[in-house]
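A note on names: the letters A, B, ... follow the listed sequences, proteins ahead of strands, and every chain is numbered from 1.
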Amino acid sequence: MIRAIGEIYAAQLRTSLAVQFQYRMSLAIWMIGRVIQPLVALVVWTTVARARGGDVSGYSEGDFAAYFIIQMIVTQATFSWIMWEYDYIIRSGQFSFRLLRPIHPIHADVADNLAYKVLTLVILIPAAFFLAWLFPPTLHWQWWNIVAGLLATVIAFIMRFTLEWMLAMTALWTNRVSAVNQTYDVILIFFSGYFAPLAVMPQLVQTLANFLPFRWLIAFPIELTLGRLTPTEILIGFGAQLFWLVIVQASLRYVWRAGVKQYSAVGS
Amino acid sequence: MADPVILLDNLSKTYLVPERDAGVMAAARSLVQRRHRAIKAVDQVSFRVEPGEVVGFLGPNGAGKTTTLKMLSGLLHPTSGTGRVLAYEPWQRQRDFLKVITLVMGQRNQLNWDIPASDSFELNRVIYRVPPAQYQQTLEELVELLELGPLINKPVRNLSLGERMKCEIAAALLHRPQVLFLDEPTIGLDVTAQRRIREFIREYNRRHNATILLTSHYMADVEALCKRIVVIHHGRILFDGPLAELVKRFSPHKTIAVELEHPIESNQYADFGEVVTQDDGRLMLRVPKADTAKVAGRLLAQLPVSDLTIEDPPIEEVIEQVFAQEVES
């Protein structure tokens with residue numbers, strides 16, 4: 001069974017790579033956007049740090065540089081566009097074909113996402129070095145920080161993909177999907193540590209972030225990689241990731257079943 | 001008798017469709033208060049299909065054909081009634097069920113536009129877990145029968161509609177399904193492409209003894225492929241039986257075509273029957289079936305006939321007749 005799934009993923013990856021290779025140009029343009037975002041954040045936050053005498057809530061210029069470079073990588077590794085795609089997939093009838101296949105449709109989407117990530121590594125890694133050259137980061141990590149950070153990023157990817165795939169299913173109920181998506185994106189940006197390290201955010205945001213799943217998607221893998229967390233915080237972080245992973249996986253099962261039933265009631 | 005492949009018993013499907021009047025105010029109102037109207041797309045449909053049968057499923061647009069096919073292929077849950085395809089309840093969508101059926105929709109495509117069909121085929125092979133040897137054999141067979149050789153390595157978006165449809169059909173059959181649901185497989189295609197696909201369907205049925213339920217607006221498809229037809233209108237079954245029986249039951253007329261040696265005055269033939277067409281030396285008459293022989297005899301005796309043929313009316317006309325009678329009753 002595992003071999004079967006592996007073969008399916010390999011085949012799906014090959015197909016997705018072939019498709020995305022057709023769109024080299026738009027891929028490059030998307031990636032430019034992905035690099036510009038941390039660039040802007042870096043200009044803003046290093047300026048703020050300098051104005052405050054070199055420190056904002058424990059972040060120096062070099063710390064900000066390190067944070068946003070790793071943020072770019074973690075964001076790239078964990079993001080998906082599935083919520084924006086499903087509306088079309090359902091309206092165009094592609095969803096029917098996905099339902100006809102003797103395999104859960106999420107696998108094709110995961111493989112598609114992974115193919116994109118593999119292709120964009122070619123741009124992402126040089127971009128990270130380029131940013132590090134412009135804004136020299138302060139790094140005090142050890143080898144195990146990187147290993148643990150990678151593990152946290154993988155868990156974050158699975159958790160975020162499950163969550164967003166589940167939200168994508170709202171397209172089966174409502175035709176106002178983009179409102180749902182916008183709301184989700186805004187919440188994610190503020191509470192995940194994407195916009196800025198949570199330490200520099202208002203206290204209210206920090207408190208709320210503890211009870212939401214989002215900080216474990218972005219802030220936790222970054223801080224872990226940068227060696228900013230105590231062993232207790234690391235344990236709490238992995239515990240929270242696993243807790244939310246179980247919650248979103250269980251919800252996905254439920255939403256999927258209800259969604260297919262709903263789809264079959266309307267039958268687009 | 002063997003177990004039926006498809007068995008429907010009082011299958012019904014009702015859609016709840018949101019409804020509002022035209023205009024801005026009505027749109028605003030619908031935000032607060034949603035009105036729904038129940039539409040019976042399929043209304044207590046029952047029929048069975050035996051192994052290896054090719055059944056034509058006919059009806060005007062919106063009659064419930066596609067809804068029925070979608071229920072049979074597991075995409076839709078029925079509102080009530082039961083249905084079985086092979087040993088499965090379709091809407092449970094068990095993997096083993098999905099592996100032995102296929103649904104081809106002429107107006108929708110499953111192939112990825114950006115890559116050659118052969119890449120999509122390969123993906124399907126893995127997803128359906130087709131053993132390599134069987135896959136190779138099936139692929140060769142499909143390439144030969146559908147003449148796909150020059151097509152499968154081009155990106156799908158560069159193919160013509162007919163070429164694409166052939167590839168779609170191949171993709172849908174690579175796992176060698178036993179039950180085929182074909183929804184307008186020849187729609188929009190030119191006559192040559194239609195004929196090729198028709199011949200292919202017949203050959204697939206013969207080689208694999210596959211059971212096929214087919215909808216089409218082209219009567220040529222139906223006449224060539226289906227011994228039996230099921231006619232559905234407003235979600236209800238109006239007729240289920242052999243094509244010939246449909247003609248006999250719903251067309252109480254025959255058409256007599258007469259070739260004359262020289263043109264004649266219209267008053268000379270007006271009383272033989274209803275004149276369908278007439279130009280110079282050719283005459284088409286519609287006559288009650290019971291009177292056919294008598295009228296033919298009189299025509300031969302009284303007019304300068306050089307040739308005479310008696311035909312059933314075109315199947316399109318018969319189908320129209322079926323729907324017309326339903327409206328009257």
(request) List the atom of Tyr218(B), the atom of Ile187(B), and the distance in Å for their closest heavy-atom pair. (result) CE1-CA, 3.9 Å
(request) Could you look at Ile115(B) and say if it's the side chain, the backbone, both or neither that has a heavy atom under 4.5 Å from chain A? (result) side chain
(request) For the pair Ser118(B) (side chain) and Ile152(B) (backbone), establish whether a donor and an acceptor sit closer than 3.5 Å, ignoring hydrogens and angles. (result) yes
(request) Could you check which of Arg157(B), His175(B), Met71(B) has the highest count of heavy-atom pairs closer than 4.5 Å to chain A? (result) Arg157(B)
(request) Could you tell me whether a side-chain N or O of Lys117(A) sits under 3.5 Å from a main-chain N or O of Ala77(A), the two making a donor and an acceptor? (result) yes
(request) For the residue pair Trp91(B) and Leu76(B), establish whether any side-chain heavy-atom pair is separated by less than 4.5 Å. (result) no
(request) Test the Arg34(A)-Phe79(A) pair against the cation-pi criterion, namely NZ or CZ under 6.0 angstrom from the six-membered ring centroid and within 45° of the ring axis. (result) yes
(message) Please classify the contact of Asp96(B) with chain A as side chain, backbone, both or neither, using a heavy-atom distance under 4.5 Å.
(response) neither
(request) Would you mind reporting whether Phe121(B) and Arg125(B) have side-chain heavy atoms less than 4.5 Å apart? (result) no
(message) Under 6.0 Å between ring centres: does that hold for Phe214(A) and Trp216(A)?
(response) no
(message) Looking only at side-chain N and O atoms, does Ser96(A) offer a donor or acceptor that is under 3.5 Å from a partner on Tyr263(A)?
(response) yes
(message) Taking side chain as everything from C-beta outward and backbone as N, CA, C, O, which of these in Arg14(A) sits under 4.5 Å from a heavy atom of chain B? Side chain, backbone, both or neither.
(response) side chain
(request) Name the region of Gln94(A), side chain, backbone, both or neither, that has any atom closer than 4.5 Å to a heavy atom of chain B. (result) side chain
(message) Can you confirm if the NZ or CZ of Arg24(A) lies within 45° of the ring axis of Phe21(A) and under 6.0 Å from the centre of its six-membered ring?
(response) yes
(message) Need one label for Glu7(A): side chain, backbone, both or neither, based on atoms under 4.5 Å from any heavy atom in chain B.
(response) both
(request) Would you mind telling me which of Asn124(B), Leu75(B), Thr66(B) has the largest number of heavy-atom pairs within less than 4.5 Å of chain A? (result) Leu75(B)
(message) With a 6.0 Å cut-off (strictly less than), is the heavy-atom count around CZ of Arg253(A), excluding the residue itself, greater than 12?
(response) no
(message) Shorter than 4.5 Å, heavy atoms on both sides: which option in Arg93(B), Lys99(B), Gln94(B) has the most such pairs with chain A?
(response) Arg93(B)
(message) Does anything in residues 125-132 of chain A reach chain B? List residues with heavy atoms under 4.5 Å apart, or say none.
(response) none
